[in-house]
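Please read the structure below before turning to the comments.
Each chain gets a letter, A, B and so on, in the order the sequences are listed, and its residues count up from 1.
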Number of protein chains: 2
Amino acid sequence: MSAVYATISSSLDGYVAGPDDGPKHPLGIGGERLHLWAFGGRAWRAAHGMTGGTTGPDDDAIARNLDRYGAIVMGRRMFDLGETPWGDDPPFHTPVYVVTHRAHEPIAKAGGTTFHFVTEGVERAVELARETAGEKDVQVSGGGDVVAQCLVAGLLDELEVHVAPIFLGGGARMFDRPELAGVELRPIETTGSDLVAHLRYRVVRES
Amino acid sequence: MSAVYATISSSLDGYVAGPDDGPKHPLGIGGERLHLWAFGGRAWRAAHGMTGGTTGPDDDAIARNLDRYGAIVMGRRMFDLGETPWGDDPPFHTPVYVVTHRAHEPIAKAGGTTFHFVTEGVERAVELARETAGEKDVQVSGGGDVVAQCLVAGLLDELEVHVAPIFLGGGARMFDRPELAGVELRPIETTGSDLVAHLRYRVVRES
């Protein structure tokens with residue numbers, strides 16, 4: 001049985017994007033610093049056609065992730081802000097299910113990434129992604145509120161939070177739902193480098 | 001030269017106390033789960049006159065902390081909520097400088113804990129604590145806003161955040177000041193257990 005996992009980078013003050021996100025700052029002011037840890041590793045470079053790169057906990061996190069997913073779920077705002085920066089060959093290389101209120105025809109890009117727009121909620125988006133992923137896992141990429149919705153709806157098996165050693169001072173909160181208080185986690189692994197801390201959890205589901 | 005460090009436990013959604021804190025729930029609803037990791041270790045038990053206990057990253061964090069501080073700084077709300085539960089022999093065993101707007105005579109308890117009330121702001125509280133601590137370090141214990149104030153004012157050398165694998169869904173935010181965006185951190189160490197993740201940072205000060 002394949003797993004559904006979320007992976008998200010946060011500032012130490014709990015923001016997944018900085019203030020004033022929009023076309024000029026897709027990740028908000030300072031938000032690009034959330035992801036500095038992800039570049040430069042061997043696995044990331046290999047996925048982008050380059051040799052060399054660092055190894056260690058950050059590279060391990062990227063390698064594990066690149067290896068496991070067969071489909072992606074993301075929110076509409078993440079899609080809207082990302083579509084231009086991701087360019088003609090987005091870094092996903094699988095179908096991506098975008099949770100939205102506005103219906104839209106699928107958008108096929110180079111390299112195997114097709115964006116499908118799902119208007120029936122996160123449950124349905126995860127269901128479609130599961131069907132597509134087959135034996136592989138489903139990645140919930142964000143934004144923060146889509147991850148929180150999935151946690152509250154009991155859709156996640158695993159949660160991976162990458163805490164960057166920065167404060168953004170404002171922006172989009174990672175976890176901002178009172179209903180999260182009912183969600184139970186078990187730490188799987190805690191690792192880190194001088195760029196980030198990796199916190200991995202199993203989500204405890206009522207049986 | 002002694003150091004000034006903050007040590008604080010947070011939920012994964014960034015709260016240092018749960019909703020509705022008050023006499024009935026000093027740490028807010030569910031807030032006591034923030035600190036479950038701290039009990040049961042060898043150092044904590046030894047400090048409370050007991051033998052045995054677990055060892056590992058959680059015990060290491062407690063042992064390191066108990067060994068280093070010679071004075072404490074905390075906020076008024078933390079004092080107000082804690083005074084009754086801490087009882088006649090509070091767990092600090094040093095002078096504690098409480099940042100407050102209301103002047104009050106010092107309160108001496110058993111076991112070496114005396115609460116001093118400082119009405120001239122966090123800078124002055126840290127200064128007084130430094131004088132008292134001498135060769136030892138100064139611990140800033142919380143609440144979250146006092147830690148944030150110290151970070152913004154450039155008063156901290158180190159920051160230690162203990163992230164419990166829980167969501168509180170509301171309460172007092174750990175870091176909730178836009179000015180924090182100017183504070184720079186360098187990770188020192190990331191460790192964890194199945195109860196908590198320990199994130200340690202050096203605060204980069206402009207020279």
When the 4.5 angstrom heavy-atom criterion is applied to B:L180 and chain A, the contacting part is both
Heavy-atom contact with chain B under 4.5 Å, split by part of A:S11
neither
Is the Lys NZ or Arg CZ of A:R68 less than 6.0 Å from the centre of A:Y5's six-membered ring, within 45° of the axis?
yes
Euclidean distance, A:Y69 OH relative to A:K136 NZ, rounded to 0.5 Å:
9.0 Å
Part of B:I29 within contact of chain A (heavy atom distance under 4.5 Å)
neither
Nearest 0.5 angstrom please: B:R173 CZ to A:D13 CG, how far?
10.0 Å
Ranking B:D176, B:V163, B:L12 by heavy-atom pairs under 4.5 Å to chain A gives rank one to B:L12
What part of B:R177 gets closer than 4.5 Å to chain A, counting heavy atoms only: side chain, backbone, both or neither?
backbone
Dump the intermediate steps for ring-ring contact (aromatic ring centres under 6.0 Å, His included) on B:F117 and B:F79, then the final yes or no.
CA-CA 10 Å; B:F117 298 86; B:F79 169 78; 5.1 Å; yes
What residue, out of B:A181, B:G18, B:G192, B:P57, has the most heavy-atom pairs lying under 4.5 Å from chain A?
B:A181
Of B:R200, B:Q139, B:H198, B:H162, the one forming a side chain to side chain donor-acceptor pair (under 3.5 Å) with B:T7 is B:H162
Checking B:L151 against chain A: side chain, backbone, both or neither under 4.5 Å from a heavy atom?
side chain
Once you round to the nearest 0.5 Å, how far does CG of A:L199 lie from OH of A:Y201?
3.5 Å
